[in-house]
Amino acid sequence: MSERLVFRDVRVLDGTGAPPLAADVSIVGERIERVGSVPSGYQEIDGRGRYLTPGFVDVHSHDDAAVLTLPDLEFKLSQGCTSVVVGNCGFGLSPLTGAEPPGNASLFGVERPRFARVRDYLSAVTSARPAVNVATLVGHANLLSSVLGAEERSPSREERAAMRSLLASALEDGAVGLSTGLIYRPGRSATLEELAELAALCGERDLIYTTHIRSESDRLLPAVEEAIEIGRLARCRVQISHHKASGKRNWGKTLQTHARFAAARAQGVDIAFDVYPYTAGSGPLVEYFDPARPDLDLLEVSRIASCPPFPELEGRMLVELAAEAATDVPTFVTRILAAPGGERTLCITFTMGDEDLERNLSHPHALIGSDGLVDLSGKPHPRLFGTFPRVLGHYVRERGLLALPEAIRKMTHASCERFGLEERGRIAEGMIADLVLFDADTVTPRASYDDPKRTPSGIECVVVNGAMAYRSGAISRAGRVLGPRRAARV
Ligand code: ZN
Ligand code: CU
């Protein structure tokens with residue numbers, strides 16, 4: 001387990017955004033020993049012409065179950081990803097004290113297993129020994145359904161107190177913050193006051209509040225206001241998850257959201273966001289489809305990612321499928337959802353504009369997070385396998401949208417700072433060695449919408465906790481549970 005490795009003659013990007021430095025980097029045990037000129041006596045890795053950077057942090061993953069059931073996590077590790085944050089969009093595997101799973105959480109792969117306490121989940125993660133490090137948020141839907149069961153209603157005063165104490169013990173167990181999914185059941189019924197009261201527990205502990213806001217389309221601006229107001233009341237860092245302006249009539253609204261972020265920050269609200277580098281989103285079909293008021297514009301730009309009852313539909317646009325079946329799209333969707341297992345259908349929705357996406361990616365406070373849903377049976381959104389290489393290959397190399405050191409900062413140092421992950425995210429002597437060696441001239445996400453389960457090319461070595469975790473496609477598992485900054489514990 002204990003290794004003495006040297007990456008010889010690499011271009012080091014330390015994660016802070018500083019320009020590259022030509023050096024050798026040695027690792028002894030789990031830590032970076034030296035950055036500079038390293039003598040012989042180590043296992044040598046020739047790094048000429050390649051970049052060595054901190055391992056990438058996926059700040060918005062839905063790998064909650066995957067870290068237990070698919071611990072190789074090839075789809076993450078092969079991208080250069082060494083840590084994932086789980087528990088996003090209000091949903092996680094813990095804490096869950098009630099009999100009922102939260103809302104339709106099964107759609108995020110979190111139906112089972114589930115754990116009464118965060119510490120039970122984290123010890124299961126430790127036993128599973130996943131290939132990447134894991135930090136967890138506390139899902140607001142978990143708090144709601146632990147206290148209210150399957151009922152979707154406002155909690156009483158006593159129930160709110162019960163949710164607060166459940167959250168407090170989850171944070172005590174090592175969760176790094178609170179997440180909400182205000183578009184989904186049951187989180188959507190929460191009021192701003194209820195949310196601020198919970199988020200205040202994060203504020204007191206210097207932890208983060210992340211939010212899939214109430215609308216990412218027509219009501220985007222009021223939804224951003226709500227997030228800012230929660231940050232102001234709760235005095236906590238606020239992270240808008242997978243920030244976007246969805247639906248053609250909303251394109252351009254990131255100009256306004258960015259102006260609001262700047263104004264709020266000037267008034268002391270620490271608000272920022274993360275983004276994935278694609279103009280399509282993905283999620284459960286059932287959440288996008290209200291039979292009483294079907295959103296025809298959305299159905300128009302949707303295709304099937306995975307569909308347990310009808311796998312032959314995977315990869316096809318709904319409009320084409322409905323035309324072939326000689327029916328309209330809402331009727332066709334109703335048929336899918338009515339079939340056994342149909343409620344587990346995932347779709348991909350082409351709803352965003354390039355300008356908003358590029359504006360988001362180049363924003364100085366943006367972080368990179370995949371939002372990948374672990375769905376290896378159908379044709380998942382290519383973000384699951386391709387997020388980080390797409391930023392590096394397409395947006396840095398091909399488009400020149402952002403400089404390489406800046407892109408790396410948004411995947412490493414800035415991510416660890418924001419989520420309170422200590423001793424990682426930077427290449428410096430004494431830091432824990434989570435590292436990626438890659439070729440900036442060739443790095444490419446081979447995953448595409450039509451062929452989404454391909455690992456990238458150009459990512460040569462990945463080191464996790466000082467151990468060689470990925471090299472020439474071979475995987476060895478060295479991930480750990482990550483907690484918040486020790487100084488932040490109360
Ligand atoms: Zn979300
Ligand atoms: Cu998400």
Side-chain angles (χ1 to χ4, degrees), residues 57-67 75-76 81 84-93 102-111 134-142 144 175-188 190 195 208-217 219-220 223-224 226-227 230 238-247 257 272-288 298 302 305-306 344 346-349 351-352 357 360 366-375 380-388 415 418-419:
V57 179
D58 189 350
V59 296
H60 192 102
S61 92
H62 290 286
D63 296 337
D64 306 66
V67 298
F75 50 88
K76 284 292 151 76
C81 185
V84 297
V85 178
V86 303
N88 276 293
C89 294
F91 296 100
L93 297 180
N104 61 347
S106 64
L107 298 164
F108 289 93
V110 297
E111 191 164 36
V134 181
T136 189
L137 297 159
V138 181
H140 168 242
N142 289 66
L144 274 175
V176 299
L178 169 70
S179 83
T180 55
L182 303 181
I183 219 162
Y184 298 117
R185 285 165 287 154
R188 65 184 181 190
L195 297 169
I208 196 165
Y209 167 66
T210 76
T211 178
H212 179 149
I213 57 180
R214 228 174 267 276
S215 166
E216 298 180 311
S217 55
R219 310 241 338 124
L220 173 63
V224 163
E226 181 183 47
I230 289 169
V238 177
Q239 180 80 359
I240 294 188
S241 298
H242 43 65
H243 186 37
K244 60 173 73 75
S246 225
T257 63
F273 62 90
D274 48 70
V275 59
Y276 50 81
Y278 296 88
T279 53
S282 182
L285 180 62
V286 66
E287 289 294 332
Y288 293 151
L298 184 62
S302 298
S306 66
R344 294 206 312 276
L346 294 176
C347 60
I348 295 175
T349 55
T351 59
M352 294 165 245
L357 173 56
N360 279 341
L367 302 178
I368 307 300
S370 72
D371 201 15
L373 302 174
V374 186
D375 151 38
H381 190 304
R383 65 192 183 182
L384 182 64
F385 282 77
T387 289
F388 295 94
S415 318
R418 190 128 185 100
F419 282 76

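Numbering of ligands and ligand atoms starts at 1, following listing order. Owing to the predicted nature of the structure, the values given are computational and were not obtained by experimental measurement. Along the sequence shown, the residues carry numbers beginning at 1.
A donor-acceptor contact closer than 3.5 angstrom links the side chains of Thr257 and His243.
Among the atoms of His60, none of the N, O or S atoms falls under 2.8 Å from the Zn ion (ligand 1).
Pairing each heavy atom of Leu357 with each of Tyr276, the nearest pair is CD1-O, 3.3 Å.
With the Cu ion (ligand 2) as the vertex, NE2 of His62 and OD1 of Asp371 span 90° to the nearest 10°. With the Cu ion (ligand 2) at the apex, His60 NE2 and Cys89 SG define an angle of roughly 100° (rounded to 10 degrees).
Separation of the Tyr184 and His212 ring centroids falls under the 6.0 Å cut-off.
Here the straight-line distance linking atom OG1 of Thr211 with atom CG of Leu195 works out to 7.5 Å at 0.5 Å rounding.
Minimum-distance N/O/S atom of His212 relative to the Zn ion (ligand 1): ND1. His242 contributes atom NE2 as its closest N/O/S atom to the Zn ion (ligand 1).
Residues Arg219 and Arg214 have side chains not in contact (no heavy-atom distance under 4.5 Å, counting atoms from C-beta outward).
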